[in-house]
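All of these numbers come straight from a predicted model, not from anything done at the bench.
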Amino acid sequence: MTVVALLSVAPVTEGSMSGEVAKAVDALEAYDVAYETNPMGTVIEADEIGELFAAAQAAHEAVDGDRVSTVLKIDDKRTQETTASAKVEAVEDHLGRPATSEKS
């Protein structure tokens, strides 16, 4: 089984959150997950749901602050194996092109 999730962890604070977000991302290294960070969160892949939850908890706890906001969206496709990249490739097959724009 492959579980794919979108994780967003951030302190509720004024100013830049990048240093605290970096702590959350770094915490994922201790777990058996693959991940890729983008401007809106971090996509995580794990073979087991428990490992994904443990990684998400560690990321949440790694952020300092009086208040931390965490959002976790999980796609647990139980009947077949999949990956985050395969999900993107399926959309690109329908588009007939990469799922990105040429604008920067």
Side-chain angles (χ1 to χ4, degrees):
M1 164 178 64
T2 301
V3 183
V4 179
L6 177 63
L7 174 67
S8 175
V9 180
V12 179
T13 184
E14 299 279 332
S16 177
M17 297 180 282
S18 60
E20 294 302 317
V21 171
K23 290 178 187 177
V25 172
D26 191 47
L28 300 174
E29 283 293 312
Y31 296 86
D32 188 18
V33 298
Y35 64 88
E36 182 176 347
T37 300
N38 63 55
M40 298 300 291
T42 299
V43 175
I44 303 173
E45 296 180 65
D47 291 332
E48 300 293 331
I49 190 75
E51 188 75 2
L52 188 136
F53 278 123
Q57 180 177 352
H60 175 84
E61 291 174 350
V63 174
D64 293 324
D66 294 335
R67 188 173 177 191
V68 178
S69 174
T70 296
V71 176
L72 180 63
K73 181 178 180 179
I74 298 172
D75 183 358
D76 185 4
K77 198 168 192 178
R78 297 175 177 175
T79 59
Q80 77 184 80
E81 291 290 319
T82 190
T83 63
S85 61
K87 292 166 68 89
V88 173
E89 288 168 8
V91 171
E92 291 177 338
D93 286 346
H94 285 281
L95 285 171
R97 61 175 176 81
T100 61
S101 71
E102 294 183 20
K103 298 176 183 177
S104 317

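- Contact between A59 and V9 at its shortest, heavy atoms only, is O-CG1, 3.8 Å.
- V12 and V63 are assigned to two separate hydrophobic clusters, defined by single-linkage of ILVMFWY side chains at heavy-atom distances under 4.5 Å.
- Listed by first and then second residue, the salt bridge (Lys or Arg N to Asp or Glu O under 4.0 Å) pairs that reach into residues 58-70 are K23-D64, sequence neighbours excluded.
- Of the possible polar contacts, none joining the E92 side chain to the P98 backbone as a donor-acceptor pair under 3.5 Å is found.
- With sequence neighbours excluded, the residues forming a side chain to side chain donor-acceptor pair (under 3.5 Å) with S16 are S18, listed by chain and number.
- Smallest separation of non-hydrogen atoms from R97 and T100: NH1-O, 3.7 Å.
- In this structure, the side chain to side chain contact (heavy atoms under 4.5 Å, CB included) partners of V21, at least two apart in sequence or on a different chain, are M17, V25.
- With sequence neighbours left out, the side chain to side chain contact (heavy atoms under 4.5 Å, CB included) criterion links D75 to K77, K87.
- For E14, the side chain to side chain contact (heavy atoms under 4.5 Å, CB included) test picks out no residue, with sequence neighbours left out.
- With sequence neighbours left out, the side chain to side chain donor-acceptor pair (under 3.5 Å) criterion links T13 to no other residue.
- The distance from the CD atom of E48 to the OG1 atom of T2 is 9.5 Å, given to the nearest 0.5 Å.
- Counting only heavy atoms from C-beta outward, the side chains of I74 and L52 approach each other to under 4.5 Å.
- No single ILVMFWY cluster, assembled from side-chain heavy atoms under 4.5 Å apart, contains both V71 and L28.
- Every side chain to side chain donor-acceptor pair (under 3.5 Å) that T70 has, sequence neighbours left out, goes to H60.
- Listed by first and then second residue, the side chain to side chain donor-acceptor pair (under 3.5 Å) pairs that reach into residues 24-35 are E29-Y35, sequence neighbours excluded.
- Between the CD atom in E36 and the OG atom in S85 there is a gap of 9.0 Å [rounded to 0.5 Å].
- Nearest heavy atom pair, residue A27 against residue A58, reads CB-O, 3.7 Å.
- With sequence neighbours left out, A86 forms a side chain to side chain contact (heavy atoms under 4.5 Å, CB included) with T82, T83.
- Shown here for L72 and A56, the closest heavy-atom pair between the two residues is CD2-CB, 4.0 Å.
- The hydrophobic cluster containing V43, built from Ile/Leu/Val/Met/Phe/Trp/Tyr side-chain heavy atoms closer than 4.5 Å, also comprises V4, L6.
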